[in-house]
Amino acid sequence: MSFTAPRFAPPERILMGPGPSDVPKRVLAALAAPTLGHLDPEYLKIMDEVRDFLRQVFRTKNELTMAVSGTGSAGMEACVVNLLEPGDEAGVCVNGVFGGRMKDVMERTGATVRAIEAPWGETIDPAVVAEFFAKHPTTKVFGIVHAETSTGALQPLEEISKIVHDAGALLLVDAVTSLGGVPLDVDALRIDAIYSGTQKCLSCPPGLAPVSFSAAAVAKISERKTKVQSWYLDMSMLRSYWGQERVYHHTAPINMTYALREALAIVLEEGIEARWGRHQKNHLALRAGLEAIGLKYIPKNSLATLNAIHAPEGVDEAALRRRLLAEYGIEIGAGLGPFKGKAIRIGLMGASSTKKHVMLVLAALEDILRLSGGTAAAAKAYAV
Ligand SMILES: *Cc1c(COP(=O)(O)O)cnc(C)c1O
């Protein structure tokens, strides 16, 4: 009996959803490089480069900086399970799906977890955080999402970081949709633990989660009374593999590490600040175009990397997304949670944040919705 597999041919899409974003050919080519052993000296050199590039992109000097095996959620879990153990008190901000996920992961550690909630689409008010610490001064770890991909809201962190540190707690930040897309400086913001993902603003396939821990976070981990609940994500063992000792823990996703190396190299070659500027410019043009065709943003403080918009009145948003995919090959995102069926989410992340993407999605929306003026308004925004 012989077997012939059906032809393998994933179509080419234009990825403008909440991630993954378009992956540059150079990153895909890196995936196809020869697989090395996970202790091969040449591979160890690549790990060192990734770590060095990650420090530059995170803007940190943190020694404990690495890429965890797994997607952004693995990064979340790695930060949470290493920092928390039963008996600890934690705070977490919930104003969308990912704050809710962080709360769930925190609760599974056995720590006492208290949430600050804000309506979806809004940001967390620093005054509420100050009240929280006045009430719960023994809180050890405080978690917050920088870029809430489910609502498109950008959370300012400066004031909150000051409140958290004045209270002697550690600040844990989800930067999955902000790293490489919107201004973020880990050391200046005094972030103690941060995680991201490869497939959003870094424009790499999903599969690794960059993380970084401050000296204070490392001290908290080394004072643990109990073992980290997750063997796979135990930083005390992972750091021996990423550090000088090179102790085998689990086989690293070798080719994904190549891809991340290339994706980070692209970020650094562009320049991190130039990259933030590009994301902002394309966001403003898209925004001008969407507003010109009567579409309204959900959050007051919108991310440059994710545009969450109320679904156009009287339009079946699922049918709209289906037509964008079928007729233009464009993927955009649906609404989540309370926005299910009521919102669309357009990502402008990494390689998907270009004038070409902005003009194309506006032209496609004009066509499908039978409206006009969007591309003209965006062109005007680009001209200033
Ligand atoms: C996508 C995302 C995650 C989860 O990342 P996965 O790669 O899907 O595991 C976590 N937080 C935020 C803010 C995200 O956008």
Side-chain angles (χ1 to χ4, degrees), residues 15-23 27 54 58 67-81 92-106 108 115 118 120-124 143-157 160 171-184 186 191 193-212 230 232-233 253 256 259-260 263 279 283 298-299 301-308 331-337 339 343-350 352-353:
L15 298 176
M16 301 185 72
S21 57
D22 284 350
V23 179
V27 174
L54 277 177
F58 271 130
V68 165
S69 306
T71 63
S73 303
M76 179 189 289
E77 191 130 10
C79 289
V80 169
V81 300
V92 61
C93 298
V94 181
N95 54 344
V97 165
F98 295 103
R101 183 176 298 181
M102 197 195 290
K103 176 170 178 272
D104 187 1
V105 177
M106 282 180 164
R108 291 168 193 238
W120 283 47
E122 290 185 19
T123 52
I124 302 294
I144 192 161
V145 177
H146 187 210
E148 185 42 90
T149 321
S150 62
T151 69
L154 171 66
Q155 174 68 51
L157 295 173
I160 288 175
L171 179 63
L172 162 61
V173 172
D174 177 322
V176 177
T177 297
S178 58
L179 184 70
V182 301
L184 172 66
V186 169
I191 294 168
I194 190 161
Y195 58 89
S196 192
T198 45
Q199 80 273 25
K200 309 229 174 159
C201 305
L202 300 178
S203 280
C204 185
L208 286 174
V211 297
S212 187
S230 166
Y232 197 72
L233 298 172
M256 265 308 294
L260 178 58
H279 279 83
H283 160 66
I298 291 171
N301 195 28
S302 178
L303 283 164
T305 51
L306 189 104
N307 300 265
E331 177 183 277
I332 65 165
L336 292 178
F339 295 131
I344 56 173
R345 293 180 300 148
I346 303 176
L348 292 176
M349 301 182 192
S352 294
S353 175

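Heavy-atom basis, side chains included; hydrogens, waters and symmetry copies ignored. Atoms within a ligand are numbered from 1 in the order they appear, just like the ligands themselves.
For Asn301, there are no side chain to side chain donor-acceptor pair (under 3.5 Å) partners, not counting sequence neighbours.
Among Thr305, Leu348, Leu303, Leu306, the single residue meeting the side chain to side chain contact (heavy atoms under 4.5 Å, CB included) criterion with Cys201 is Thr305.
Here the heavy atom of the protein found nearest to atom 15 (O) of ligand 1 is Thr149 OG1, 2.3 Å. Nearest to atom 11 (N) of ligand 1 among the protein's heavy atoms is Asp174 OD2, 2.7 Å. Among all protein heavy atoms, the one lying closest to atom 14 (C) of ligand 1 is Lys200 NZ, 3.1 Å. Closest to atom 3 (C) of ligand 1, if we only count protein heavy atoms, is Phe98 CE2, 3.3 Å.
Residue Arg101 approaches ligand 1 through these ligand atoms, each under 4.0 Å from one of its heavy atoms: 4 (C). Per-residue contacts place Ser73 under 4.0 angstrom from the following atoms of ligand 1 (heavy atoms of the residue considered): 4 (C), 5 (O), 6 (P), 9 (O).
How far OG of Ser352 is from CE of Met16: 6.5 Å, rounded to the nearest 0.5 Å. Rounding to the nearest 0.5 Å gives a distance of 7.0 Å between CD1 of Ile124 and CD1 of Ile160. With values rounded to the nearest 0.5 angstrom, Leu15 atom CG is found 12.5 Å from Lys200 atom NZ.
Residue Thr177 places at least one N or O, backbone or side chain, under 3.5 Å from an N or O of ligand 1.
Residue contacts with ligand 1 include Ala147, since one of its heavy atoms falls under 4.0 Å from the ligand. Heavy-atom distances between Gly72 and ligand 1 reach below 4.0 Å in at least one pair. Close to ligand 1: Gln199, with a non-hydrogen atom less than 4.0 angstrom away.
By the 4.5 Å heavy-atom criterion applied to side chains, Leu233 and Val68 are counted as neighbours.
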Throw together a table of side-chain donor-acceptor distances under 3.5 angstrom for residues 174-184, partners on residues two or more places apart or in other chains.
from	atom 1	to	atom 2	distance (Å)
Asp174	OD1	Val176	N	2.9
Asp174	OD2	Tyr195	OH	2.9
Thr177	OG1	Thr149	OG1	2.7
Ser178	OG	His146	ND1	2.8

